[in-house]
Structure formats: C-alpha cells, structure tokens
> 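Below: one structure in structure tokens.
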Amino acid sequence: MATTAIPTTKISGGSFLLDDRRPEEVFTPEDFSEQHQLIGQTAEEFAVNEILPNVEKIEHKDFSVTRDLLKKAGELGLSGVEIPEAYGGLEMDKVTAAVIADHIAKYAGFATTWGGHTGIGTLPIVYFGTEGQKKKYLPRLAAGEIVGAYALSEASSGSDAMNCRTKATLSSDGKYYILNGEKMWITNAGFADLFTVFAKIDGEKFSAFLVEKGFPGISIGAEEHKMGIRGSSTCPVILNDCKVPVENLLGEIGKGHVIAFNILNVGRFKLGAMCVGGARVAIEHSIAYAKQRKAFNKVIADFGLVREKIANMAVGIYTGESLVYRTVGMMDAALNEVDKSSPDAAKETRKAIEEYAVECSIIKVWGSEMIDYVADEMVQIYAGYGFVEEYPAERTYRDARINRIFEGTNEINRLIITGFLLKRAMSGQLPLMPAIKKLMDEVLSGPSSDELDGPLAEESKLVGQAKKLGLFAAGAATQKYMQAIQDQQEIMGAIADMTIETYAMESVVLRTQKIIQAKGENAAALPLAMTRVYLSQAMGKIEAAAKKVIAAVADGDMLRTQLAILRRLAKYEPFNVIELRQQIAQKMIERGKYGIA
Amino acid sequence: MKILVCMKQVPQKDAPLKLNETATWIREDVSYEVNEPDAYALEEALRQKEKHGGEVVVITSGPARAQQVLREALAKGADRAIHLEDNAFVGLDAFNTARAFAAAIKDEQFDLIFTGLQSDDYGYAQVGVILAELLGWPHATIIMQIEKTDAGIKVKRELEAGFFQFVDMPLPAVLTIQSGINKLRYATLIGIKNAKNKPLRKVALADVQSAIGNNLQMIEKLYIPQKTKNTEFIEGPPAEVAKKLVEKLRNELRVL
C-alpha cells in the first residue's frame with residue numbers, strides 16, 4: 001500500500017475533542033504526493049472528457065453509456081484502489097480513494113453509480129468475502145466488467161435495517177438458500193450484475209448473500225421517478241424463491257448486522273469527498289454566470305450580496321477539503337500499521353477504519369449540508385434561470401438533496417456521532433468525563449486567560465473555546481440525563497452539531513497554519529480569510545447549539561449561571577467578515593473557479 | 001526505434017498570472033502542467049514504440065517541480081527519464097536549453113527526437129530546431145504524421161491554408177510535433193504506480209555548464225496589456241463611410 005506523503009502518528013478516533021493537534025500532525029491537500037496529484041489528474045480528465053460530454057444521455061437513463069464509462073473507469077484503475085492486488089485491485093491508500101471520489105464527482109448522476117459500485121457494491125466482498133468469493137467477483141468488479149449493488153433497505157425498513165422482512169430458508173438438499181422478499185431504493189439495480197442482499201435466515205438470523213442477476217427468482221422492478229440523481233438507476237429488487245448457492249452466503253450466519261453497519265462506515269468518507277467535488281463544479285458555474293449576467297448596468301458579480309454567496313461557497317469547499325483529507329490521512333496512518341499479509345488483514349483494516357467512525361460521519365453530514373447550501377445559493381445566483389431546466393443550477397439543486405438522505409440519513413449520523421463518543425466516554429476509551437469535570441472546575445474558578453502565540457493564535461484559541469463549549473454542554477446534559485441521554489435525540493443532535501463544527505474549525509485552522517508554515521503569511525492571505533469566515537460561522541452555530549442544550553437541562557438560577565459561563569466561553573472579538581468575504585469573492589471571480597492561491 | 005521526447009512544464013492555461021518583481025517573468029506561485037504540444041509529442045512517440053518497438057525516453061529541464069511532467073510521462077508509458085534539475089534552467093533561452101539538452105544526451109543514441117511544436121509559455125518554437133543543428137541532424141517542423149520507411153521516415157508537415165507537405169527523411173532526425181494529431185491517453189493508475197520505479201537520471205547544472213554560454217535572447221520587460229475601449233461613429237453616405245473605415249483599419253489600427 002502506498003504511504004501518504006507525511007508520516008502521521010496514529011491518532012485515536014474522536015480524540016480531537018480533547019487533544020490539541022499541531023499542523024504537522026494533520027494531512028492536507030497541500031501534502032498530496034506526486035502520485036496523488038497524477039491520480040487526481042487522471043480522475044479529473046476522465047470526468048471532463050468522458051463523463052461530462054455524456055450527461056444528457058445518462059440523465060435520460062441511457063445506461064449503456066453508464067456501463068461503458070464504468071468499464072473505462074475500471075480499465076484506468078479508478079475503481080480498484082480499495083481492492084487488494086491479489087484480486088485485481090491496486091490496493092492504494094484512502095487518500096487516493098478520496099482524491100478519486102473528489103475529482104470524479106463532476107456529475108452526480110454518474111458519481112452515484114460509480115460510488116455505489118466501488119463502495120457498497122464492492123466493499124462487502126473486500127471486507128467479508130471468502131477467498132473463493134473474492135477470487136470470483138473482485139477482479140471483474142475492479143475492471144468494471146460487472147457492476148455491484150447493495151440491497152439492504154426495504155419499503156418499511158431503512159436505517160433500522162434489522163427490521164428487514166426478506167427471508168432466507170435453506171433448501172431441503174442443503175445446497176441453496178431460498179430468498180423471498182422485496183428490497184427498495186437499490187442504487188444501480190437497473191443494470192447491476194451482483195447484489196449484496198440482506199435477509200433473515202428462518203426469519204431470525206440476519207445475514208448477507210451475494211446474489212447474481214442470473215440466479216433464478218431475482219427480478220428488478222421499475223425505475224423510481226426521482227427528484228434528483230436521475231442519471232443513476234434506483235429500482236426495487238424482487239426475490240421470489242430466489243435460489244442462492246450456499247457458498248454465496250457472505251460473512252457469518254446471523255452476523256449480517258456487522259456487514260450492514262460496517263460497510264456504510266468504511267465508505268462514508270468518500271461521500272464527503274464527492275460533495276466537495278460537486279461544490280467545486282457549482283461554484284465554477286455560479287461565477288461564470290455572475291460574471292456575465294448584468295443588472296443595473298453592472299455584472300451581478302460586482303454586487304456584495306452575490307459576492308457573499310460566492311465567498312461562502314469557496315469557504316465551504318476549503319473547509320470540506322480540510323476535513324476530508326485530514327480524516328483520510330489519519331486513516332492511512334492507522335492502516336499503515338496493519339499487516340497486509342496476515343489472514344486477519346481484512347478485519348484489521350475494517351477495525352482501523354471504524355476507529356474513525358465519528359470523523360467519517362462528520363464528513364458525511366457536513367459535506368452533504370455544504371453541497372446543499374452551495375446548490376441552493378447557486379440557484380439564487382442564477383435566479384429565474386436557476387429555476388428552469390435549461391441551466392445547470394436546477395439539476396445541481398435536485399441532485400444535491402439526496403446526500404443528506406442516503407448512506408445513513410444525517411439524523412442517524414448525528415446520533416452515531418454523539419452516541420459513539422458517549423460510548424467511548426463511558427467505557428473510558430475516550431477520557432471525556434474527566435475532561436468535562438476539569439472544565440467544570442475551571443469555569444467555576446472564574447475567567448482564565450490561556451495566551452497562545454504564533455500564527456493564527458487567535459484562531460487556535462477560538463478552536464479551544466469551541467471544544468470547551470461542546471464539553472460544557474455535553475457535561476450539563478449527561479449530568480441531567482445520565483445514560484438516558486440516548487433517548488434525548490434533540491440533545492444528542494445539538495451535541496453532534498457542536499462536535500461537527502469543532503472538528504471543522506480545527507481542521508481549517510490546522511491546514512491554514514500548515515500553509516503559513518510552508519509559504520509564509522503573505523502567500524496564505526486567501527486561506528487565512530477563508531479560515532476566519534468559517535470560524536465566525538461555526539462559532540455562531542456552536543453557541544446556538546450550546547444555548548439550546550443548556551436551556552433544556554437547566555432552569556432558574558442554575559440556567560442563569562450556566563448561561564453566564566456559556567457567554568464567557570463564546571466570547572471573542574468578531575472578524576470583519578464583510579471585508580473578508582469581499583476579498584475571497586474577488587479572488588474566485590478573477591480566477592473563474594475555486595482555488596486557494 | 002529509440003525516441004527522445006523533450007517536454008516542458010508550463011503554467012496552467014487558466015492560472016491567473018502575476019508578474020515577478022522585476023517584471024521579467026511571472027511569479028512562481030502558479031499551478032503547472034505539461035506543455036500541450038509536448039503531450040502530443042509523447043503520445044506520438046508511445047504510438048511509434050508500440051508499432052515498431054524500441055524505447056521512449058523523456059527529458060526536461062527546470063526545478064524540482066518539473067519532475068512532475070516526467071512522472072506523468074513515465075506513468076503513460078515512457079521507459080525512463082532525464083531531469084536537468086536546477087532553477088537556473090528556467091531562465092535559459094532556446095539556444096542554451098538546446099545546448100544543455102545536447103550535452104545531457106551526448107552518450108545516448110537516439111533515432112528520433114521529438115519536441116512539441118512550441119511551448120505554451122514562451123512560444124519560441126526553437127529548441128527542437130536548434131537541437132537538430134547542434135547534433136548535425138535533419139529536422140522537420142509542424143509534424144502531423146510519421147511513417148517508418150525502409151530508408152528512414154516519411155512525415156507529413158502542416159503548411160498554411162490547408163496545404164500539407166510530405167517529406168522523406170533519413171534517421172536520426174528531430175521532429176517538432178503539432179498539437180491535436182492524435183488522441184492523448186490517460187495515465188492509468190497502474191501506470192502511475194509503476195512510474196515510481198522507472199529510472200530517472202538527474203543532471204545537475206554543473207554537468208552541462210561547460211556546454212552553455214550567455215543567453216543570446218533576454219526578456220527585458222513584461223507587462224499586462226491595458227484594456228482600452230474607444231468608440232467612434234463614422235457618419236456620411238455608405239460609400240464614404242466604407243472608404244473611411246478601410247483607411248482607419250489600415251492606417252490607424254493596422255489590422256488590414
């Protein structure tokens with residue numbers, strides 16, 4: 001496996017809430033190796049030369065084009081980076097996987113197909129397949145000769161996958177499982193060759209099966225009429241006495257949930273990367289339109305309220321890149337310690353990735369909400385033209401929306417974020433409780449002044465404050481609800497919001513510090529401006545979320561005391577975000593697209 | 001056939017350019033890419049190798065960052081690379097660049113040397129031609145097609161106004177390749193992965209210093225053209241207006 005460009009120490013998942021990191025400990029896009037850059041270029045050229053000229057055809061569901069593109073992507077190696085070399089893959093690092101996802105995602109219709117194929121369509125076999133299953137399917141999946149799909153959801157079970165009604169029964173001769181049931185919302189179903197289907201053996205033991213399209217008893221329902229990603233295929237999969245050979249049972253009987261939950265975890269970071277890639281396309285269109293559309297004898301790119309939108313889009317992309325690549329860099333550092341030749345390699349790899357479940361969920365939630373915001377503002381910049389199909393904004397807007405729903409809804413992911421952290425805190429794996437206690441003692445002893453110096457000292461201090469605000473609110477909430485906090489979804493969600501924003505804040509600050517260290521403060525003016533704008537936005541959200549939690553858990557004098565503490569923790573001198581956004585927008589408009597120089 | 005392809009790293013086409021402090025060249029902090037005509041030269045070399053066998057070697061000069069174009073070429077199928085690595089190479093004129101290349105390959109025996117028709121930055125279109133002269137080889141420019149013959153090669157040159165010229169040439173020879181004559185291949189991931197292990201020979205400035213001299217050509221000043229707009233209405237009967245218009249286009253604007 002290729003190592004990432006910088007040596008990173010192994011950092012435990014979720015520890016960002018407690019530990020301060022130094023810039024040299026995080027991976028950033030500025031650390032891409034020559035190899036990462038070349039691969040990014042290949043993915044970019046593939047998207048521009050092969051995918052984009054075919055958008056109209058694919059959007060009208062000419063899936064023969066899609067199949068050709070999957071084949072081409074396979075030939076180039078773009079679909080095999082997460083597959084071991086022994087099974088026809090390239091076995092490269094997660095940074096590479098993210099780089100490809102980021103650059104290939106120029107058209108959501110195809111990106112969804114490709115993501116479904118290389119992610120949930122292929123990874124179950126990579127991580128849970130037997131030697132025979134891997135040999136049989138992985139080389140052809142890597143090459144794009146066959147297309148994979150993942151059939152978990154049903155009409156009445158989505159995120160609560162265990163509630164599945166599809167049944168499997170062993171045939172009397174013991175050679176087949178007979179599957180009966182109906183799966184819904186299956187990406188790639190219309191043209192996929194291989195489905196990972198979840199069913200309960202004898203109605204009890206939740207298990208996974210590899211079902212080929214040619215097996216007797218599987219049929220594909222009609223295409224759904226979707227709001228967006230119309231260039232992807234989404235159909236029900238009907239299993240009617242479907243005969244699946246016993247050797248196609250995936251993983252262990254009754255352990256389907258391990259596959260179901262892990263597979264989403266191990267692929268989630270790529271969704272975040274794709275959202276960043278999509279946003280880069282959206283800002284480019286938005287700038288081009290704003291530069292040519294005139295109103296009141298000026299181009300609208302000259303107007304402050306339009307510039308503000310363009311600046312915010314850029315800030316979103318910069319922050320998204322910082323989040324995604326920091327996280328994959330951490331994963332790679334952990335994965336470098338896995339012995340690839342050991343028989344447990346697949347399991348160890350999975351565990352190393354699962355370590356960062358919180359960070360991956362953060363990327364998914366944050367990225368999908370960022371692209372949704374960007375798409376929304378894109379429509380606004382196009383205004384009337386944004387509302388009609390002839391211009392790209394309308395499709396971008398519709399396409400963006402699904403990201404908050406699939407691969408675990410953002411609500412489920414928020415619960416995962418807080419739940420995972422609390423679980424680790426309770427088990428002592430993450431010393432969250434001592435940190436909360438220390439903070440409580442600290443705030444009760446009055447204002448402190450921890451002075452920092454060096455580049456971005458003020459900004460780093462804000463990150464520290466954000467962490468404290470999160471701990472403070474989480475502490476107050478756990479004190480009140482104890483274990484029962486799991487049932488307080490709104491509180492769990494608010495804590496997740498603070499956690500997400502804190503991780504994002506820290507990621508941008510560390511990246512910008514790293515840029516300043518390498519190139520000096522003058523060359524980093526734009527990253528610095530974007531960092532400050534992001535911090536301002538995030539602090540506002542964190543303060544609001546903390547207030548929401550405190551107001552729910554305290555009242556009377558206690559509430560007033562807590563609010564006083566909260567105000568102290570949230571206090572900072574605001575940045576001149578109007579001027580900063582003007583500067584950012586100016587650079588983007590000059591360049592015609594997103595960039596940081 | 002053993003083919004050398006001269007490649008250059010140039011600022012990305014859509015990079016916002018800023019002049020350096022002395023206004024003699026652009027600031028270094030831009031993104032770079034492979035000079036487009038060189039990409040076609042490489043593609044043509046790879047196709048020739050696929051047809052006739054042999055070896056494709058790529059060469060470039062410039063600072064460490066320039067190595068990226070060599071890696072890209074290796075990833076696409078070139079067999080090995082030569083990097084004249086020093087920041088000073090950026091400032092050499094075409095004559096000196098050709099002299100440095102000639103010195104760096106003096107122990108090699110190539111059948112063909114390809115360059116792109118010209119570079120997207122300076123646009124001199126000179127390195128290939130001068131290199132041929134230094135080596136004492138024949139050359140042909142603006143090449144659109146190459147066919148191997150018993151005696152050497154037959155090439156198709158692009159002339160003006162849709163005319164072409166076919167030339168039979170002996171080998172070895174230098175050819176400067178026109179953009180767009182073939183379809184560029186992608187660097188596959190396996191190619192990129194393998195490129196890391198292909199040989200890359202570094203040549204220091206000191207190694208070729210004795211071959212080069214003072215630049216004969218120098219950029220004294222660069223500036224970004226001022227955008228100006230001036231509208232003038234010519235009035236009168238159409239015949240007179242046309243006459244005046246032609247006069248202005250010819251004498252004032254000098255576009256006719």
Side-chain angles (χ1 to χ4, degrees), chain A residues 1-3 32-50 72-83 85 88-93 96-97 99-100 142-143 284 288 515 518-520 522-526 586-597, chain B residues 7 9 11-18 20-21 26-36 39-40 42-43 58 60 62-78 81 83 85 180 182-198 200 224 227:
Chain A
M1 176 171 291
T3 50
F32 286 157
S33 67
E34 215 167 48
Q35 188 170 314
H36 292 139
Q37 288 173 24
L38 284 174
I39 291 173
Q41 195 178 317
T42 294
E44 176 88 19
E45 287 170 4
F46 175 74
V48 171
N49 300 334
E50 312 289 335
K72 275 187 196 161
E75 283 162 9
L76 290 175
L78 293 169
S79 307
V81 293
E82 292 185 274
I83 298 176
E85 273 182 344
L90 287 149
E91 204 173 329
M92 288 170 140
D93 57 13
T96 302
V99 165
I100 296 174
E284 203 173 328
I515 295 174
K519 295 186 182 164
N522 278 342
L526 182 56
Q586 181 58 33
K587 291 271 188 183
M588 300 302 150
I589 291 164
E590 274 172 19
R591 178 192 303 267
K593 62 180 185 181
Y594 167 81
I596 68 156
Chain B
M7 304 191 71
Q9 193 185 39
Q12 235 167 29
K13 274 185 219 69
D14 54 1
L17 302 181
K18 286 188 208 96
N20 65 11
E21 273 158 31
I26 55 160
R27 269 173 47 177
E28 278 276 301
D29 57 344
V30 293
S31 309
Y32 289 89
E33 64 185 3
V34 173
N35 180 45
E36 194 182 338
Y40 288 96
L42 171 70
E43 179 62 40
V58 285
T60 197
R65 60 167 164 78
Q67 189 181 299
Q68 182 87 359
V69 306
L70 298 179
R71 286 281 173 225
E72 190 177 331
L74 293 171
K76 287 185 172 183
H83 185 188
E85 185 180 347
N182 46 38
K183 188 170 183 292
L184 301 179
R185 71 191 62 197
Y186 296 100
T188 64
L189 268 68
I190 191 78
I192 293 170
K193 211 176 169 184
N194 293 339
K196 273 201 303 198
N197 302 320
K198 289 185 176 176
L200 193 154
I224 295 176
K227 235 191 215 170

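Chain letters run A, B, ... following the sequence lines, proteins first, then strands; residues in each count from 1. Quantities reported herein were computed from a predicted structural model and do not represent experimental measurements.
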> Which distance, rounded to the nearest 0.5 Å, do you find between the CZ of B:Arg71 and the OG of A:Ser33?
10.5 Å
> What part of B:Glu33 is in contact with chain A, defined as an atom under 4.5 angstrom from a non-hydrogen atom: side chain, backbone, both or neither?
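Neither part.
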> Answer yes or no: is there a side-chain heavy-atom contact under 4.5 Å between A:Ile100 and B:Leu189?
yes
> Is it the case that more than 12 heavy atoms not belonging to A:Lys519 sit under 6.0 Å from its NZ atom?
no
> Who wins among A:Gln37, A:Glu590, A:Glu75, A:Lys587 for the most heavy-atom pairs under 4.5 Å with chain B?
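When all of A:Gln37, A:Glu590, A:Glu75, A:Lys587 are compared, A:Gln37 has the most.
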> Give, as side chain, backbone, both or neither, the part of B:Lys76 having an atom under 4.5 angstrom from any heavy atom of chain A.
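Neither part.
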> Judged by atom type as modelled, is there a donor-acceptor pair below 3.5 Å linking the side chain of A:Thr42 to the main-chain atoms of B:Ala187?
yes
> For side-chain contact (heavy atoms from CB on, under 4.5 Å), just list the numbers for B:Ile192 and A:Glu34, CA-CA rounded to whole Å, side-chain angles, deciding distance to a tenth of an Å, and then say yes or no.
CA-CA 9 Å; B:Ile192 293 170; A:Glu34 215 167 48; over 6 Å; no
> With a 4.0 Å cut-off, would you call B:Lys193 and A:Glu85 a salt bridge?
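Yes, B:Lys193 and A:Glu85 are salt-bridged.
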> Apply the test side-chain hydrogen bond (donor to acceptor under 3.5 Å, both in side chains) to residues A:Glu50 and B:Tyr186: give CA-CA distance (whole Å), side-chain angles for both, the deciding distance (0.1 Å), then the verdict.
CA-CA 11 Å; A:Glu50 312 289 335; B:Tyr186 296 100; 2.5 Å; yes
